[in-house]
Engineer: 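Got a structure for you, questions after.
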Amino acid sequence: MEDFVRVAATEDIPPGERLLVEVEGIRIAVFNLDGDYYAIEDMCTHDGGPLVEGEILEGGQVQCPRHGARFDIRTGEALTMPAFEPTLSYAVQVENGDIYVEQPF
């Protein structure tokens, strides 16, 4: 796992919750969707809003708290206006109770 960095323990992010981490100066939101972990850049592509502060919705979506754009937590895909561009997503691995996120390059 040389291209991954440990960001948290699984117990740090209960199901349905999220955690803001910083990897190499990049703010990343790590989400726990029913025991599966996903990581996306913590930035709405519409105006830079903090997605980690958004509401987690049904279907694995997060809604930006500023203007309501929705993103797929699993892929970073922009799902609704006013966002058109996806936010970056990062691979996640879980090993021995630790969460690792792909290092941004």
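Given the structure is predicted, the values throughout are model-derived calculations rather than measurements.
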Engineer: Show the nearest heavy-atom pair for residues I99 and A9, with the distance to one decimal.
Structural biologist: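 Of all heavy-atom pairs spanning I99 and A9, the closest is CD1-O, 3.8 Å.
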
Engineer: Does some side-chain heavy atom of I13 sit less than 4.5 Å from a side-chain heavy atom of V30?
Structural biologist: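 Yes; the side chains approach each other to less than 4.5 Å.
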
Engineer: Could you state whether L19 and V52 fall into the same hydrophobic cluster, counting links through intermediate Ile, Leu, Val, Met, Phe, Trp or Tyr residues with side-chain heavy atoms under 4.5 angstrom apart?
Structural biologist: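 No; V52 is not reachable from L19 via cluster members.
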
Engineer: Would the distance check show the side chain of T45 and the main-chain N or O of T87 forming a donor-acceptor pair, the cut-off being under 3.5 Å?
Structural biologist: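 A pair under 3.5 Å: no.
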
Engineer: Could you pull out the closest heavy-atom pair between V23 and Q103, with the gap in Å?
Structural biologist: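 So the minimum-distance heavy-atom pair works out to CG1-CA, 4.4 Å.
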
Engineer: Treating Ile, Leu, Val, Met, Phe, Trp and Tyr as nodes and any side-chain heavy-atom pair under 4.5 angstrom as an edge, say whether L20 and Y90 lie in one connected cluster.
Structural biologist: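 No, it is not one cluster - the side chains of L20 and Y90 are not joined through contacts under 4.5 Å.
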
Engineer: Determine, stepwise, if the pair Y37 / V101 fulfils side chain to side chain contact (heavy atoms under 4.5 Å, CB included).
Structural biologist: CA-CA 10 Å; Y37 296 88; V101 172; over 6 Å; no

Engineer: Find the distance between CG (D72) and OG (S89) and round it off to the nearest 0.5 Å.
Structural biologist: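 Separation between the atoms: 9.0 Å.
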
Engineer: Under 3.5 Å, side chain of R6 to main-chain N/O of D98, donor-acceptor pair present?
Structural biologist: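 Checking the backbone N and O of D98 against the side chain of R6, no donor-acceptor pair under 3.5 Å is found.
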
Engineer: Quick one: CD on Q61 to CD on E77, what's the gap to the nearest 0.5 Å?
Structural biologist: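 The distance works out to 9.5 Å.
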
Engineer: Can you see which heavy atom on A69 is nearest to which on A83, and at what distance?
Structural biologist: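 Shortest heavy-atom contact: CB-CB, 3.6 Å.
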
Engineer: With clusters built from Ile, Leu, Val, Met, Phe, Trp and Tyr whose side-chain heavy atoms come within less than 4.5 Å, directly or transitively, what are the remaining members of the cluster of F31, listed by chain and number?
Structural biologist: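 Result for F31 is L33, Y38, I40, L51, I56, V62, F71, I73.
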
Engineer: Just how far is it from atom CD of E53 to atom CD of Q63, taken to the nearest 0.5 Å?
Structural biologist: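 Between atom CD of E53 and atom CD of Q63 there are 13.5 Å.
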
Engineer: I need the T80 OG1 to H46 NE2 distance, nearest 0.5 Å.
Structural biologist: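 Going from the OG1 atom of T80 to the NE2 atom of H46 covers 10.5 Å.
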
Engineer: Same cluster or not: are L79 and M81 linked, directly or through other Ile, Leu, Val, Met, Phe, Trp or Tyr residues, by side-chain heavy atoms under 4.5 angstrom apart?
Structural biologist: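 The answer is no; the residues belong to distinct hydrophobic clusters.
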
Engineer: Measuring from H67:NE2 to D47:CG, what's the distance to the nearest 0.5 Å?
Structural biologist: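 That separation rounds to 5.0 Å.
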
Engineer: Scan residues 13-31 for pairs that pass salt bridge (Lys or Arg N to Asp or Glu O under 4.0 Å), counting only residues two or more places apart or in two chains.
Structural biologist: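 Salt bridge (Lys or Arg N to Asp or Glu O under 4.0 Å) check on residues 13-31 returns R27-D42.
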
Engineer: Looking only at heavy atoms, which two atoms of D34 and N32 are closest? And how far apart?
Structural biologist: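 Closest approach of D34 to N32, heavy atoms only: N-OD1, 3.5 Å.
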
Engineer: Hey, quick one: are L88 and M43 part of the same hydrophobic cluster, counting side-chain heavy atoms closer than 4.5 Å, chains of contacts allowed?
Structural biologist: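 In one cluster: no.
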
Engineer: Which atom pair, heavy atoms only, marks the closest approach of F4 to E102?
Structural biologist: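 Closest approach of F4 to E102: CD2-N, 3.3 Å.
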
Engineer: For D36, enumerate each residue passing the salt bridge (Lys or Arg N to Asp or Glu O under 4.0 Å) test, keeping only those at least two apart in sequence or located in another chain.
Structural biologist: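 In terms of salt bridge (Lys or Arg N to Asp or Glu O under 4.0 Å), with neighbours along the sequence ignored, D36 is linked to no residue.
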
